[in-house]
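In what follows, a single structure is set out as structure tokens and then discussed.
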Amino acid sequence: MVKTKEILDILENYDKDNIAIATVCSHSSLQIFDGARKEGFRTIGICMGAPPKFYDAFPKAKPDEFFVVKDYKEILSKADELAAKNALIIPHGSFVEYLGAENFQKLRLPTYGNRRVLEWESDRDMSRKWLESAGIKMPKQIKNPEDIDSPMMVKYYGAKGGMGFFVVKNYSDFRKRINPAEKYTIQEFVLGTRYYMHYFYSPIKSDGYKLSRGTLELLGIDRRVESNADEIFRIGSPTELAEAGIYPTFVVTGNLPLMIRESLLPRIFEMGEQVVEKSLELFGGMIGPFCLETVVTDSLELKVFEISARIVAGTNLFISGSPYSDLVDEKLSMGRRIAREIRMARDMDILPEVIS
Amino acid sequence: MVKTKEILDILENYDKDNIAIATVCSHSSLQIFDGARKEGFRTIGICMGAPPKFYDAFPKAKPDEFFVVKDYKEILSKADELAAKNALIIPHGSFVEYLGAENFQKLRLPTYGNRRVLEWESDRDMSRKWLESAGIKMPKQIKNPEDIDSPMMVKYYGAKGGMGFFVVKNYSDFRKRINPAEKYTIQEFVLGTRYYMHYFYSPIKSDGYKLSRGTLELLGIDRRVESNADEIFRIGSPTELAEAGIYPTFVVTGNLPLMIRESLLPRIFEMGEQVVEKSLELFGGMIGPFCLETVVTDSLELKVFEISARIVAGTNLFISGSPYSDLVDEKLSMGRRIAREIRMARDMDILPEVIS
Amino acid sequence: MVKTKEILDILENYDKDNIAIATVCSHSSLQIFDGARKEGFRTIGICMGAPPKFYDAFPKAKPDEFFVVKDYKEILSKADELAAKNALIIPHGSFVEYLGAENFQKLRLPTYGNRRVLEWESDRDMSRKWLESAGIKMPKQIKNPEDIDSPMMVKYYGAKGGMGFFVVKNYSDFRKRINPAEKYTIQEFVLGTRYYMHYFYSPIKSDGYKLSRGTLELLGIDRRVESNADEIFRIGSPTELAEAGIYPTFVVTGNLPLMIRESLLPRIFEMGEQVVEKSLELFGGMIGPFCLETVVTDSLELKVFEISARIVAGTNLFISGSPYSDLVDEKLSMGRRIAREIRMARDMDILPEVIS
């Protein structure tokens, strides 16, 4: 991992009045560029091969400049060129995936957020340790597949965007479907309805929902649309389909907007608070956007089955504001909230507090 | 029930230029406070124990003042204190539930809407009588559980937020699941897709969709998200799951936004009109927001399975406007529409027409 | 079909500074009237019998004038009256359905878009030819029902709004359900999640996502809500229900808003581009709004099962903008985009390029 001192040295040489917000052209880049421009920043879109033509259709979200690489790994070797442009990196899921988690840790460019969160988030055992020690309820996990006696979700390590997930009901199901070459976890399938909460933690803003340090916001909620699980019921039940060798899959293809019962908000904020406070203790804090991926059961309990420690694609729904962010400020997308945080830190001359 | 004269006497003593909109801190309180402020009112959040911290995260919706009670029943005994603050109560589902329907009828504070609607709405027989006599089509109801020969929804009396609902297909199913100690109704399970229409009836506004007295608006449509019924298909069909003792439940956990076929709007307004006109006849009118909870069948028939005679939580989706309310006025949430009605009545000096 | 020259002669006599946007009062008329007014046009609502009262509830979308006909066919015989009012027709699905496709082709009034698209779109063989020759992937189609060996969707010719669709799994299913008197197609049921993309093709706008001529936009995405298919799982699986003679149906009752994975946008634009370019080659171009109705599979492939070559009702969700159109311009509904295109063409004095 790159040393904090190296990053601070690079930042030291930046022209702070001319910072460019840079990210990879995918995932949530439209709102990141749109939000950055609205907060007064230049924008750089990092892309492979050639600038994607689709930005031409979205003038408000087209980056000021494209930075073309042959291969995403080239971002590492061309970091100096980006630094010369005063580039401040906004990481998102595809950015980390395309570059590789290890490479991302090595990237010699000022990056929004705390990169140390990655090791806690990407390892299922460590993220469970983090969340459970924070007081979060998670689906039960079992070690021995022979113990499967109710619906369970099996997830391969490092599975992305819902690929490599499947549901089994017993050991025989499990044996039929598992690839023994891969590392996996087995988690209780919690019955309920899914809600993905979009939190934002600012270590530097002092008015609002206060934590031991900084403040917490909730800017939106979505539900992921999963292919084919969300529509497969149209042709048959899981048991009927399994006989024909057809299985539900959980690949995220998009998102739909949701509100949650207002009476659950106290618990939702408490959960966000617990996770942030524990992160401050464990690794210096999870800075900026994060998402708790929950199931709400019919007894109105919230169980968290995963955490994402950066901007999630579900926030793309709320480019002009959500019913939650509209109560904070007008037209506040997550992309814009991130840019505003950077602007605030820049103006207060405390950028090191929000980058790594 | 508190007498109208008592309420009017209390109101008489109010400083009309300094009315405070007050409600219980739950359900749809964020938009009620946000809307009230936008229409120029002070706001009071009634809460139990201590002010909920989550309002700090939503500065636009944080009430100007919290009114703390030890127990919601205390609102009754502290009514004078609230009256001294010129509090005008906006009731919502949780307000009525927490206080209890009978206590709500006794509350000695000016309350938006007609409290007499409660007796017609909360009793399933009376609400059916009201709606059917208004010309509304409802799911068939059967008295004798032995007659169950197709999918039927069983609902316990006073079941709230979808708790205490279940589906049965025959008498044997019914016997297996019923709690004989509770009062219930048995209603045909109508096949189709659910739409929850957010109407607003103003007895005092004269331009718009005219009724015999006042006007009718449609400000939004949502679909309730029910746990676990909305996602249980992922692990099995109802029959398969019943063998494992797992049953779908219908607890409302949130809402998602919807539009309905434009060709159904004439019938949707006609239905709203019929229900309001009949309410004027039966009990002096259902004032303000109400919701018809419908199933649209594949022959495009609308069947109403329930009515809510006050603001529903589904309107929380539209804090900055819905595709329907945007055609009425900009950024018109239901909370704001209510506040605007009170402001209009105050300015015209006819507040008694919209409170009870 | 009416000759282009006739239409241009009619248009020649129009007072170009006083054009009225006219459409039938249904489908997407609210946003068409709202958008037209926002772009500075007068509006005419064509209706049968009497003006629908529901427009009174939506002041921003109420047409300036109603044009009442006894029967929709009367629009043909009264075309001169509408021409005298400088009426420019915006066609939508219900407009074409109510008038009849053949009559629509004969309508002697300037009509937005290219009417020649109708013959390519309404015939399933021709639309398949168009799309496949454009490089679009579609669900496989089989000719012989005896070959059905996996879930297949059977669609009657000219089926509207999802009526007359059904799913079968084998030949015996097919025989049980088919009406042999009707013409049908048999299409693979593609497993995945549905996304309906709202494109806009402008032959006259030059800045943006460029095609060989003009530019392409993406203004929104929805999912159709189908009755009863979307909620029938609550009572049983298709196989269980078939035993009781209950079958899923696919009648569109409304729409819900969606976002799609940002990484799919390059392919989505490419698809729109291919379809437009091929239409330019085949019949002079599909002008204005169109919709590709797709399934996104779990390998993130997009399969198109249908095309609509005019404004679709799903755009009704986005009367005040969508997360996509917000990146183009503020509050840009599809109805408004159409009106803006007409205004641009009028101002540039090239109206013939966008009407027929």
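The structure presented is a predicted model; accordingly, all values stated were derived computationally and were not measured.
Chain B forms the most heavy-atom pairs under 4.5 Å with one residue out of E217(A), E270(A), E330(A), E240(A), and that residue is E330(A). Per-residue counts of heavy-atom pairs under 4.5 Å with chain B were compared for I221(A), L264(A), V167(A), L300(A); the largest is that of L300(A). Counting heavy-atom pairs under 4.5 Å between each of T297(A), D207(A), T193(A) and chain B puts T193(A) at the top. Ranked by heavy-atom pairs under 4.5 Å with chain B, the list L241(A), D230(A), L216(A) is led by D230(A). Taking T215(A), T239(A), V190(A) one by one and counting their heavy-atom pairs under 4.5 Å with chain B, the maximum is reached by T239(A).
Going from atom CG of L256(A) over to atom CG of L256(B) covers 6.0 Å, rounded to the nearest 0.5 Å. Atom CG of L191(A) is separated from atom CD1 of I235(B) by 4.5 Å, given to the nearest 0.5 angstrom.
With a 4.5 angstrom heavy-atom cutoff, Y55(B) touches chain A only via side-chain atoms. Of the atoms belonging to R223(A), it is side-chain heavy atoms, and not backbone ones, that fall under 4.5 Å from chain B. With a 4.5 Å cut-off on non-hydrogen atoms, D34(B) touches chain A through its side chain but not through its backbone. Of the atoms belonging to Y324(A), heavy atoms from both backbone and side chain fall under 4.5 Å from chain B. With a 4.5 angstrom heavy-atom cutoff, S29(B) touches chain A via backbone and side-chain atoms both. No part of K62(B) comes within reach of chain A, as not one of its non-hydrogen atoms sits under 4.5 angstrom from that chain. For chain A, no part of S94(B) is nearby; none of its heavy atoms comes within less than 4.5 Å.
No side-chain heavy atom of E262(A) sits less than 4.5 Å from a side-chain heavy atom of H92(B).
Below 30°, between 30° and 60°, or above 60°: for F269(A) and F54(B) the angle between ring planes is below 30°, a parallel geometry.
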